[in-house]
Amino acid sequence: QVQVIESGGGLVQAGGSLNLSCTDSRRASSNNGMGWFRQAPGKEREFVASISWNGDSTLYADSNEGRVTISRNRGKNMVYLQLKNLKPEDTATYYCAVALSSSAATLRSRYRYWGQGTQVIVSS
């Protein structure tokens with residue numbers, strides 16, 4: 001069983017930044033695309049960002065407004081999500097996922113393994 005583990009969430013004031021991290025227990029992601037999604041209370045889980053297996057291709061949700069950067073370090077088996085200029089509406093549980101293929105992807109159906117999420121709370 002592959003475990004996907006997120007970390008780095010927390011409470012931050014509006015305008016602040018957070019760096020989220022993700023790894024998987026069996027290096028199942030080393031040749032796969034990776035993605036970040038988020039889910040606010042009472043809302044659907046939505047796409048945030050994705051990166052291809054080698055980092056050459058990235059996809060971002062338009063709603064990020066350039067405040068999000070995804071990156072990965074395959075040698076360390078880590079994927080990162082940098083969140084900048086955070087707003088209260090960014091408050092959500094952020095999930096990391098391993099894609100079915102080596103490509104970046106925006107659809108939830110294109111992901112195989114999911115983490116339990118890390119909570120981000122942005123205070124106004």
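The shown structure was predicted, so the numbers you read here are calculated from the model rather than taken from an experiment.
Using a distance-only test at 3.5 Å, with no hydrogens or angles considered, no donor-acceptor pair links the side chain of Q3 to the main chain of D24. Looking at S50, its side chain never comes within 3.5 Å of a backbone N or O of A104 through a donor-acceptor pair. Between the side chain of N64 and the main chain of R67, no donor-acceptor pair closer than 3.5 Å is present. Looking only at distances, no side-chain donor or acceptor of R74 sits under 3.5 Å from a matching main-chain atom of V79. Under a 3.5 Å cut-off, the side chain of S17 and the backbone N or O of K84 do not form any donor-acceptor pair.
The residue from L20, T69, T118 that alone fulfils the side-chain contact (heavy atoms from CB on, under 4.5 Å) condition with L81 is L20.
Remark: F37 pairs with F47, Y111, W114 by the ring-ring contact (aromatic ring centres under 6.0 Å, His included) rule, at least two apart or across chains. Residues passing the salt bridge (Lys or Arg N to Asp or Glu O under 4.0 Å) test with E89, sequence neighbours excluded: none.
Side-chain contact, N32 with R112: no donor N or O sits under 3.5 Å from an acceptor N or O. With hydrogens and angles left out, the side-chain atoms of N77 and T23 include a donor and acceptor closer than 3.5 Å.
The local environment of CD in Q39 is crowded, with over 12 non-hydrogen atoms from other residues, nucleotides or ligands closer than 6.0 Å.
At a threshold of 4.5 Å between side-chain heavy atoms, the hydrophobic network of Ile, Leu, Val, Met, Phe, Trp and Tyr places V68 and I70 in one connected group. One hydrophobic cluster, built from ILVMFWY side chains closer than 4.5 Å, holds both W36 and V2.
The other members of the hydrophobic cluster of L11, by chain and number, are I121 (side-chain heavy atoms under 4.5 Å, ILVMFWY only).
Legend: disulfide bond (SG atoms under 2.5 Å apart) pairs involving residues 85-124, not counting sequence neighbours, sorted by first then second residue: C22-C96. Residue pairs meeting the ring-ring contact (aromatic ring centres under 6.0 Å, His included) criterion with at least one partner in residues 72-97, sequence neighbours excluded, are absent. The disulfide bond (SG atoms under 2.5 Å apart) analysis of residues 27-73, with sequence neighbours excluded, yields no pairs.
Nearest heavy-atom pair across G16 and V12 is CA-CG2, 3.9 Å.
To the nearest 0.5 angstrom, L83 atom CG is 7.0 Å from D90 atom CG.
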**OP:** Report the C-alpha separation of R108 and E44 in whole Å, then their side-chain angles, then the decisive distance to 0.1 Å, and conclude whether the side chain to side chain contact (heavy atoms under 4.5 Å, CB included) test is met.
**Re:** CA-CA 11 Å; R108 285 183 294 172; E44 293 286 318; 3.6 Å; yes
